[in-house]
Amino acid sequence: MNQLKTYLAGQEQEQLRFLRELVLQPSYSGSKQDVDNAGAIIAKELDMLPMRTEVVRQDETGNHLLFRSPACDNQHGSILLVGHMDTVFPRDSGFDSYREKDGKVFGPGVIDMKGGLVAAVFALKALHHQGLLDTIPITLLCNSDEEIGSPTSKEMITKEAQKALFGLVFECGGLSGEIVTGRKGKNGFNLTVSGRAGHAAFSGVEKASAILEMAHKIIAIEKLNNSRRQLVVNVGTVKGGLGPNTVPDSASASIDTRFLSQLDGQECIEALTRITTNCTIPGTSGELIYTGGRLPMEQSAGNDILFRLIEAESKRLGQKVLAELRSGVSDANTMASAGLPVVDGMGPRGDCDHSDREYMIRDSLPEKTLLAARVIATGWQQLQQGNLSFSAALRN
C-alpha cells in the first residue's frame, strides 16, 4: 500500500496534465472524429504499459477501445474497468476550457467522466509500477456512446461482463464519498394519439381531439408515480395540432420512467399500455412505442460484497465511502444485468455534470486512483486465496 501511495503521490501533476489534455479535446457523442481523438489520447497514455489494445470500429459513433493486461491471456476472466469517452457538450456549446481554482477543477466532462478515465489509467500505471499487470487480469473498456444510451457498445459490454470476475465503473463519486451499489432502471417511450381533424368553429362537443385525449392520458400517466416504490414517471414533451382554429388529429408525448426492480419496470409498461389503449374521447386511438432504456442495477448481494471490499480498503487509506442508490443510469446497469458484481462511482468526486458549472474536487483524483488500485490488487489476491467469493451471492 505504501509503495502504491508513494508512486501516485509523485504522479499527481502527470494526472492533471493528462486530465487537462482529455478535457480540452472535445468528445461530444455525435462527433465521431472528436471522440476518436480522445481515444487516441488515452491509447497514447497507455502505450508505455504492456496492455494489448483492441479497437472496435464504428461507422457513426466513435470507436470503442479495449485494453487488456498480459495476465488476461492466461485467465478465463478478468477484472473489468469501464469508462466512457463521450460527453454531452458539442464543440459550439461555449463550455470548452480547463480551469483550476480553490481546490476544484472545472471543464467539460471533467467528472463525467474524463476524471474517471484518468483515475482508471493511472491505477493501471500504479499496478504496473508494482509489477502486477503480469499477474492480475484486467480489462479496461472505453466506450464512445454512453451519453446516448450505449447503442453500439451495449452488446460488447454485456459480453465482457459475462466473463468478468467483478466490475468497477468510473463515473463520478458522490461529494460525501458515495460509491454506487445500485441504480434505477430506465425506460423511454413515445406516445402518439390520433383523432379526427375538423374546423374548430363547427366541431362542437363531439370533436375527436387528439390533444384532449392526450390530456386525459397525461393525467393518468402522472398518477403512476409512486414514492413508496420509488417509481418515477415523467411526461417530458408534448406536441400536437396545427392551430387554434383546427381540431387536432394527432398529438405526441415523450415519457421517461425510472424504477428499482425489473418487476416494477414491467408493471409500469403494462400500466402505460392500458392507458394507451383505453381512450376517453370517442374517435381517438393511441399507440405506445418503446424508445430504449436500461435494466436496473439492483443492490444485489454480490454488489454488497464488492462494496465491503472497497469500504475496508478505504478505511486503510483513511478515506470514507458510503453506499448509494443512484437514480441515473450508466453502463453499470448493463453489467449488473449480465450477472456481474459491480459498483460505480469509482471516479473522483465532483458535481454539476451536464452543465457549464461541472467541477471536480482536485484532491479526490489521486485519492480515488489509489483506492481503485488497492481494490484491484486486494480483490485479486483475495480471490486467489479463496477469501473473496461471489458464487454464493450469485446463486441467491
Side-chain angles (χ1 to χ4, degrees), residues 76-84 116 137-139 141 146 149-150 153-174 177-187 226 228-232 257-269 293-315 321-347 371-372 374-376 378-380 382-383 386-396:
H76 295 296
S78 66
I79 297 169
L80 180 59
L81 316 181
V82 173
H84 65 86
I138 305 170
T139 298
L141 186 158
E146 192 276 341
S150 303
S153 62
K154 187 177 295 184
E155 183 178 347
M156 177 184 66
I157 293 168
T158 299
K159 181 180 177 181
E160 292 297 326
Q162 287 173 339
K163 59 185 180 183
L165 302 169
F166 63 82
L168 303 176
V169 180
F170 286 79
E171 297 279 4
C172 68
E178 290 89 349
I179 297 290
V180 182
T181 57
R183 286 182 178 272
K184 288 185 178 181
K186 172 185 177 178
N187 282 327
N226 188 319
R228 180 182 60 83
R229 297 173 70 177
Q230 296 190 47
L231 175 65
V232 177
T257 68
R258 310 285 172 134
F259 45 93
L260 283 177
S261 68
Q262 293 189 41
L263 176 62
D264 286 347
Q266 183 57 42
E267 289 183 352
C268 184
I269 292 174
R294 286 186 172 103
L295 292 172
M297 171 189 171
E298 298 188 25
Q299 289 180 302
S300 66
N303 292 2
D304 183 66
I305 290 171
L306 185 51
F307 174 75
R308 297 304 168 193
L309 168 65
I310 295 169
E311 185 179 45
E313 290 304 310
S314 70
K315 287 181 179 178
V321 297
L322 302 167
E324 178 189 15
L325 171 66
R326 196 171 285 184
S327 293
V329 297
S330 80
D331 289 322
N333 291 66
T334 302
M335 297 160 69
S337 300
L340 181 68
V342 58
V343 298
D344 199 348
M346 291 298 292
L371 178 60
R374 282 292 305 165
V375 168
I376 293 167
T378 304
W380 172 250
Q382 291 189 9
L383 282 169
N387 297 325
L388 178 65
S389 174
F390 300 104
S391 56
L394 294 176
R395 286 197 299 270
N396 293 332

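Only heavy atoms go into these numbers, but all of them, side chains included; no hydrogens, no water, no symmetry mates.
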Pairs involving residues 301-313, ordered by first then second residue, that meet side chain to side chain donor-acceptor pair (under 3.5 Å) (sequence neighbours left out):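 Residue pairs passing side chain to side chain donor-acceptor pair (under 3.5 Å), neighbours aside: Ser300-Asn303, Asp304-Arg308, Arg308-Glu311, Glu313-Arg316, Glu313-Arg374, Glu313-Thr378.
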Hey, could you give me the [atom1]/[atom2] distance between [X] and [Y], rounded to the nearest 0.5 Å?
X	Y	atom1	atom2	value
Leu81	Leu141	CG	CG	9.5 Å
Met297	Met335	CE	CE	8.5 Å
Leu295	Thr334	CG	OG1	8.0 Å
Asn333	Ile157	CG	CD1	10.5 Å
Glu298	Ser337	CD	OG	8.5 Å
Leu388	Leu306	CG	CG	7.5 Å

Measure across [X] and [Y] and return the closest heavy-atom pair with its distance rounded to 0.1 Å.
X	Y	result
Ala164	Leu340	O-CD1, 3.6 Å
Ala161	Ala338	CB-CB, 3.8 Å
Ser261	Pro296	C-CG, 3.7 Å

Are the side chains of [Y] and [X] in contact, using a 4.5 Å heavy-atom criterion?
X	Y	result
Val321	Leu371	yes
His84	Ser153	no
Cys268	Phe259	no
Leu309	Gln382	yes
Leu80	Lys163	no
Met346	Ile179	yes
Gln266	Ile269	yes
Phe166	Leu383	yes

Flag if over 12 foreign heavy atoms under 6.0 Å of NZ, Lys154: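 More than 12 heavy atoms, drawn from other residues, nucleotides or ligands, come within 6.0 Å of this atom.
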Lys159 atom NZ: more than 12 heavy-atom contacts under 6.0 Å: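 No.
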Criterion side chain to side chain contact (heavy atoms under 4.5 Å, CB included) on Asp264 and Asn226, from CA distance to verdict: CA-CA 10 Å; Asp264 286 347; Asn226 188 319; over 6 Å; no
Test side chain to side chain contact (heavy atoms under 4.5 Å, CB included) applied to Glu171 and Val180, step by step: CA-CA 9 Å; Glu171 297 279 4; Val180 182; over 6 Å; no
Side chain to side chain contact (heavy atoms under 4.5 Å, CB included) between Arg294 and Asp331, intermediate numbers included: CA-CA 9 Å; Arg294 286 186 172 103; Asp331 289 322; 3.3 Å; yes
Counting only N and O atoms by type, is there a donor-acceptor contact under 3.5 Å from the side chain of [X] to the main-chain atoms of [Y]?
X	Y	answer
Thr257	Asn187	yes
Arg183	Gly328	yes
Lys184	Gln230	yes

Chi angles and distances behind the side chain to side chain contact (heavy atoms under 4.5 Å, CB included) call for Trp380, Ile138: CA-CA 10 Å; Trp380 172 250; Ile138 305 170; over 6 Å; no
